[in-house]
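Take a look at the structure set out below.
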Amino acid sequence: MNINQLNFKHLFYFWRVAKTGALTHAAEQIHTSQSALSTQIKQLENRLGTPLFDRQGRHLELTATGQQVFAYAESIFGLGEQMLGWLEGREAGATRVRVGSVSTMSRNFQVNWLRPLFHDPNIILSVDSGSLQALVERLLRHQLDVVLANEPVPSDSTRPVSSRFLGSQVISLVGRADRWAGTTLRVPEDLDDIEMAMPSMRHSVRPQFDALCFSAGVQPRVRAEIDDMTMLRLIARDSGWITVLPEVVVQDELHSGELTHVGHSSQLTEHFYAITVQHGHLAGPLKQLLSRAAAGDILGASTPDSSVPL
């Protein structure tokens with residue numbers, strides 16, 4: 001069998017059914033009947049000489065061969081969708097860079113990482129936030145070029161993604177300088193009954209912090225649990241509570257002296273990842289950002305005492 005004998009329309013139909021997991025949904029999406037869809041997939045199976053689905057009533061499961069064919073089809077048609085997205089994103093010769101960022105990510109970190117793009121007049125930048133799962137789904141539909149996250153995403157045949165490590169930083173305790181200047185707290189030993197604001201359980205650092213306190217028999221007084229890093233920054237600034245967060249979130253307030261570093265633990269760290277589609281085409285500017293991170297360039301501004309690496 002040579003490439004001229006492969007019917008890409010049949011392969012496309014197979015790909016859509018494999019992605020949706022049901023003939024009904026796929027037929028609705030491509031505006032054809034279930035019987036026509038089933039017939040053309042059967043023709044593809046006959047051409048390839050092997051079944052691609054195990055059929056149990058209305059339920060379809062990919063065979064081992066079907067999973068491999070789907071991985072190839074995902075690359076073929078995924079690149080086609082990516083090409084169309086790129087064409088739609090062009091505006092008068094400009095390049096659109098579409099970024100997704102999980103809602104618990106520091107806005108300062110995002111700006112620091114994206115800053116090199118600000119100086120290119122030919123780049124149109126869009127940044128959307130949301131849950132990691134929703135953003136990865138949009139990435140796989142080629143509606144985003146990259147997702148910034150604080151945890152990696154496992155890759156498999158139905159979710160072919162790559163998680164590139166960008167860097168990490170120690171999580172710190174900060175407080176208002178007019179109350180906490182000159183104070184250094186051991187983490188977690190000195191935190192018993194201390195009023196604190198901290199990230200919600202959706203943030204990767206929260207389980208780390210709770211485990212440290214539990215193992216030391218320490219119980220801080222939790223006054224606020226905040227999902228959004230911008231809100232947590234405002235609480236750190238306007239309350240008198242100790243706040244647990246990455247220092248990049250409050251880098252401006254630390255530089256101005258409004259907030260002060262109170263303590264940190266090397267056991268509390270946040271990792272940053274750039275998630276992209278495997279084997280996908282990356283726009284030139286995005287390649288440059290990822291190369292910059294791979295070379296070990298600093299991803300953000302340093303803190304006043306330069307003690308917290310990014």
Side-chain angles (χ1 to χ4, degrees), residues 1-90 96 98 100 128 130-147 149 152-164 274-284 286-287 290:
M1 180 178 179
N2 60 48
I3 195 69
N4 294 328
Q5 296 175 296
L6 181 60
N7 189 317
F8 280 88
K9 184 176 182 180
H10 295 169
L11 183 63
F12 174 76
Y13 286 164
F14 159 76
W15 175 64
R16 295 305 294 263
V17 172
K19 282 181 75 73
T20 61
L23 280 169
T24 305
H25 295 153
E28 290 173 353
Q29 290 176 1
I30 58 182
H31 308 293
T32 190
S33 67
Q34 294 183 53
S35 59
L37 195 55
S38 180
T39 297
Q40 296 190 57
I41 290 176
K42 190 64 179 177
Q43 290 175 0
L44 175 65
E45 291 178 319
N46 292 337
R47 174 64 69 182
L48 297 178
T50 183
L52 301 176
F53 290 106
D54 283 327
R55 294 169 172 82
Q56 300 177 359
R58 294 185 178 183
H59 187 64
L60 297 176
E61 288 286 344
L62 285 170
T63 64
T65 301
Q67 292 177 7
Q68 189 63 46
V69 172
F70 173 73
Y72 283 114
E74 180 77 1
S75 296
I76 293 168
F77 298 113
L79 283 173
E81 288 188 339
Q82 193 170 16
M83 178 192 70
L84 293 176
W86 172 76
L87 288 170
E88 292 172 0
R90 291 189 308 164
R96 182 176 292 275
R98 304 164 301 172
D128 295 334
S131 70
L132 180 57
Q133 180 179 348
L135 292 173
V136 170
E137 288 175 359
R138 292 183 60 194
L139 179 73
L140 292 170
R141 293 197 300 267
H142 304 284
Q143 296 171 350
L144 295 171
D145 300 309
V146 63
V147 172
V153 174
S155 179
D156 55 42
S157 60
T158 62
R159 192 169 54 178
V161 298
S162 296
S163 298
R164 292 172 169 86
I275 301 165
T276 56
V277 176
Q278 280 186 3
H279 312 304
H281 172 76
L282 297 177
L286 190 53
K287 279 185 179 179
L290 293 173

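Side chains included, hydrogens not; waters and symmetry mates left out as well; all remaining heavy atoms used. Throughout, numbering of the chain's residues begins at 1 and tracks the sequence.
Counting heavy atoms from C-beta on, the side chains of F77 and L11 come closer than 4.5 Å. Within the 4.5 Å cutoff, side-chain heavy atoms of F12 are placed close to those of I30. At a threshold of 4.5 Å between non-hydrogen side-chain atoms, the residues P160 and L140 count as touching.
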What do the steps show when you test T63 against T65 for side-chain hydrogen bond (donor to acceptor under 3.5 Å, both in side chains), and what is the final call?
CA-CA 5 Å; T63 64; T65 301; 4.7 Å; no

Trace of the side chain to side chain contact (heavy atoms under 4.5 Å, CB included) decision for L37 with R16
CA-CA 10 Å; L37 195 55; R16 295 305 294 263; over 6 Å; no

Apply the test side chain to side chain contact (heavy atoms under 4.5 Å, CB included) to residues E74 and K19: give CA-CA distance (whole Å), side-chain angles for both, the deciding distance (0.1 Å), then the verdict.
CA-CA 9 Å; E74 180 77 1; K19 282 181 75 73; 3.5 Å; yes

Could you go step by step and tell me if V17 and F53 meet the side chain to side chain contact (heavy atoms under 4.5 Å, CB included) rule?
CA-CA 10 Å; V17 172; F53 290 106; 3.7 Å; yes

Verdict with reasoning, V147 to V161, per side chain to side chain contact (heavy atoms under 4.5 Å, CB included):
CA-CA 10 Å; V147 172; V161 298; over 6 Å; no

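Taken to the nearest 0.5 Å, the NZ atom of K42 stands 14.5 Å off from the CZ atom of R47. Here I41 contributes atom CD1 and L52 contributes atom CG; the two are 8.0 Å apart, rounded to the nearest 0.5 Å. Separation of atoms CZ (R98) and CG (L144) is listed at 6.5 Å; rounding is to 0.5 Å.
Nearest heavy-atom pair, V277 versus L139, reported as atom, atom and distance to 0.1 Å: CG2-O, 3.5 Å. Of all heavy-atom pairs spanning Q278 and S155, the tightest one is NE2-OG, 2.9 Å. Taking both residues in full, the closest heavy atoms of H10 and Q43 are given as CE1-OE1, 2.8 Å, listed atom of the first, atom of the second, then distance. Contact detail for V146 and A274: the closest heavy-atom pair is CG2-CB, 3.9 Å. Scanning both residues, V153 and S163, for their nearest heavy atoms gives N-OG, 2.9 Å. The two atoms that bring F14 and L44 nearest to each other are CB-CD2, 3.7 Å, heavy atoms only.
Between the side chains of T20 and Q29, no donor-acceptor pair is found at a separation under 3.5 Å.
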